[in-house]
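Every chain is numbered from 1 and lettered A, B, ... according to where its sequence line falls, protein lines coming before strand lines. Since the model is a prediction, treat every value here as computed from it, not as a measurement.
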Protein chains: 2
Amino acid sequence: MDKRLLFVISKIFCSFVENSSVPLEELKKTIRSYAHVSDSDMEFGMKFYKRKTFKKGDFLLKPGQYIEYFYFMKKGCVSYYSMEEGKAQVMEFFTEGSFFTDLYAYIQEIPSESYIEALEDITVYAISKTDVQKVFDHSHQLERFGRLSMQRTFVITFQRINQLRNLSNQERYLELQKKRPELFQRVPQYLIASYLGLTPVGLSKIRKRLSKS
Amino acid sequence: MDKRLLFVISKIFCSFVENSSVPLEELKKTIRSYAHVSDSDMEFGMKFYKRKTFKKGDFLLKPGQYIEYFYFMKKGCVSYYSMEEGKAQVMEFFTEGSFFTDLYAYIQEIPSESYIEALEDITVYAISKTDVQKVFDHSHQLERFGRLSMQRTFVITFQRINQLRNLSNQERYLELQKKRPELFQRVPQYLIASYLGLTPVGLSKIRKRLSKS
DNA sequence: GATTCTCATTAAACCAGTTTAATAAATATA
DNA sequence: TATATTTATTAAACTGGTTTAATGAGAATC
C-alpha cells in the first residue's frame, strides 16, 4: 500500500478510541441540568456516545466537510474559527463541559466553512447526527433537553451580539478577563485578539493603555 | 372614576381584541414548515392563541417587565430595541410571518431590558408562556417544533454575528438592502442606521460614498 | 549553547467611523 | 397656508482602530 496514503489514513483514524462503557457521568449530569430524563431514556441515549481523543493541532473539522458529530468536551480546549481573507477569525473557544460542533453547518446541513482545532490534547464524547435524531425520536424528554440546550446556545450567542454592538474593544477585553480568566492561561494572545475581533497589534495597544492607568 | 386613571387603563387594554376562532391558517402553516404536527395536536395548540392589535407607537414591551407572551406577527412591523446611554439600539425588526418576543428575557425569566414598539398598526397572535409550556408538555411534535424554531433563531443570530464581525458597515448596508429591501420603505433611516450599528451621520456618509460610484 | 521559530510589542501613516453643530428637506399640525 | 417638528445631510475636528514593518523576548530544536 502507498505509504503516503497510509499516512493520511492514520492521520484520520489515529485519534479514535473505540466505545467505552465508562464514565459518562458528567455528560449525564449536564443533560439532566436541562431536563428530567428517566434512567431508561438516559441509558438509551448514552449508548450512542463514543469516546475519542485528539492530539494538540489535530482538526476535528475542516471546511468543505458535512457535520457528522456533536461533541461533548470531557477534557481540553478547541478553537472554532473560519478563515477570512487568509486570517483566522475565532468564533469561540470550547472547554470542559461544553457541547459543541459547527452548529451553523450542522443545523443547515451545509458543508462547513470552519475549522475546529484542538489547542491541547483533548478527550471528547461524540454522537453522530443520525443517532441524535434516533434519541430525539425515542424520548420526548431528551427532545426537550435538545430544545433547552438550543435555548442556552441562543442566549450565549445573543450576549455575544450585544457585546459586539454595545461594548468597546477595551470593554470586551476586560469582560473576557473577568468571565473566562483561565482562557488567558491556555490560549495564545493572538487567538484572544481574533476572538475579540481585533488584530494582535490592536490588542497590544489596549493592554498598554490599560497598564498605564 | 378619575379620568386620568381611566385613560391609562384604556391605553393598556384598548389594543386587545378577544379570542377569535378565525384564520390561524398562516400560523399553522408556519408551524408545520418546522415539524409534522397531527391535526388534534395542532388544534390543542391553536386554542391558546389570542388575536391582539396595537396602534403605531404602542409598546408591546418595556424594560422591567417579565415576558408574558410569545407573538406571531400577522400584519405589521415592530422594532425590538434597547436603550444604551440614552440611544436606541435596534436589535431586530419583526415583520409578517415572524415569531417574536424578547427571547433573551423570556428564556432566562429575567425582567426585560428592552422595548418592543409597533412601527405601524399591527395584528399579532399571542400565546402566554404558561400555555406554551402546556402545549410542549402535551405534544412531542410541538416540542420538536419548539426545538427546530429555536434552531432557526440561532442560525439567524449567528449570521448576525458573522456579519458584525466580518463585514464593513458599508457591506452590511448593501446586504440589508439586498435581503430586506421592503424595510427601507417602512422604517425611518435612523432606525436602519441603529440596526446596522451606526449613527445616522455615519449611514449618511456611506450612502453618499455609494452614490458617487 | 547557538539557532530558529513563534509570539508580543512598538512606531508611523492611514482610515472609517465618531461627535457636535449647522443646515436642509420632508412631514405633521395649527 | 404657515408653522413646528422630525428626519436627513453636510462639514470639521477627533479617535480608536487598521496596516506594514521593525524589534524584542521566550520556547523549541539542532
Side-chain angles (χ1 to χ4, degrees), chain A residues 55-58 77 79 81 83-90 93 115 117-121 161 163-177 181 183-213, chain B residues 55-58 77 79 81 83-90 93 115 117-121 161 163-177 181 183-213:
Chain A
K55 294 276 171 213
K56 178 173 178 174
D58 284 354
C77 177
S79 66
Y81 63 94
M83 224 56 173
E84 309 288 334
E85 293 152 23
K87 282 155 200 159
Q89 293 282 352
V90 176
F93 300 107
Y115 301 80
E117 180 180 349
L119 298 180
E120 311 164 354
D121 293 356
I161 289 193
Q163 287 192 0
L164 282 169
R165 287 176 55 107
N166 300 330
L167 301 185
S168 68
N169 291 325
Q170 176 169 318
E171 287 169 324
R172 278 210 304 287
Y173 170 74
L174 291 169
E175 193 70 12
L176 188 63
Q177 267 194 333
L183 275 186
F184 293 77
Q185 309 311 315
R186 66 205 291 193
V187 167
Q189 193 174 301
Y190 70 95
L191 290 181
I192 303 266
S194 170
Y195 176 77
L196 292 171
L198 7 114
T199 60
V201 176
L203 180 52
S204 204
K205 275 187 161 186
I206 288 170
R207 285 162 56 81
K208 188 174 185 188
R209 192 192 310 141
L210 285 168
S211 71
K212 279 184 190 157
S213 50
Chain B
K55 293 277 172 213
K56 178 175 177 172
D58 284 353
C77 178
S79 64
Y81 64 93
M83 225 58 175
E84 309 286 336
E85 291 153 24
K87 281 155 202 161
Q89 293 284 352
V90 176
F93 300 107
Y115 301 79
E117 180 180 350
L119 298 179
E120 310 165 354
D121 293 357
I161 288 192
Q163 287 192 0
L164 282 169
R165 287 176 55 106
N166 301 328
L167 301 185
S168 68
N169 292 325
Q170 177 169 316
E171 288 168 324
R172 277 210 304 287
Y173 171 73
L174 290 169
E175 193 69 14
L176 187 63
Q177 267 194 333
L183 274 187
F184 293 77
Q185 309 313 315
R186 66 204 293 193
V187 167
Q189 192 175 300
Y190 70 93
L191 290 181
I192 303 265
S194 169
Y195 176 78
L196 292 170
L198 344 133
T199 59
V201 175
L203 180 51
S204 203
K205 274 188 163 187
I206 287 170
R207 284 161 56 81
K208 188 175 184 186
R209 186 162 70 226
L210 285 167
S211 72
K212 279 185 191 157
S213 51

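Put simply, NZ on B:Lys56 is 11 Å from C1' on D:dT6, counting in whole angstrom units. Look at CG on B:Leu167: it is 16 Å from P on D:dT18, rounded to the nearest Å. To the nearest angstrom, P of D:dG16 lies 15 Å from CZ of A:Arg172. Distance CZ (B:Arg165) to C1' (D:dT18): 16 Å, rounded to an integer number of Å. When rounded to the nearest whole Å, the span between CD of A:Glu171 and C1' of D:dT15 equals 15 Å. Between the NZ atom of B:Lys212 and the P atom of D:dT10 there is a distance of 8 Å, given to the nearest Å. Following rounding to the nearest Å, A:Tyr190 (OH) and D:dT18 (C1') show an atom-to-atom distance of 20 Å. Rounded to whole Å, the distance from CD on A:Gln189 to P on C:dT10 is 11 Å.
Going from atom CG of B:Asn169 over to atom NZ of B:Lys205 covers 12.0 Å, rounded to the nearest 0.5 Å.
The stretch residues 194-210 of chain A comes close to DNA chain C through A:Val201, A:Ser204, A:Arg207, A:Lys208, each having a heavy atom under 4.0 Å from the strand.
Considering all non-hydrogen atoms of both residues, A:Val90 and A:Ser194 come closest at N-OG, 2.8 Å. The heavy-atom pair separating B:Arg172 from B:Leu196 by the smallest distance is NH2-O, 2.8 Å. Here the closest heavy-atom approach between residue B:Val187 and residue B:Cys77 is recorded as CG2-SG, 4.3 Å.
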Handout entry: side chain to side chain contact (heavy atoms under 4.5 Å, CB included) assessment of A:Arg186 paired with A:Leu119
Key = CA-CA 8 Å; A:Arg186 66 205 291 193; A:Leu119 298 180; over 6 Å; no

Exercise for the section: Assess whether side chain to side chain contact (heavy atoms under 4.5 Å, CB included) is satisfied between B:Leu191 and B:Phe93, documenting all intermediate values. Expected result: CA-CA 9 Å; B:Leu191 290 181; B:Phe93 300 107; 3.9 Å; yes

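The shortest distance between the side-chain N/O atoms of B:Lys87 and the OP1/OP2 oxygens of C:dT18 is not below 4.0 Å.
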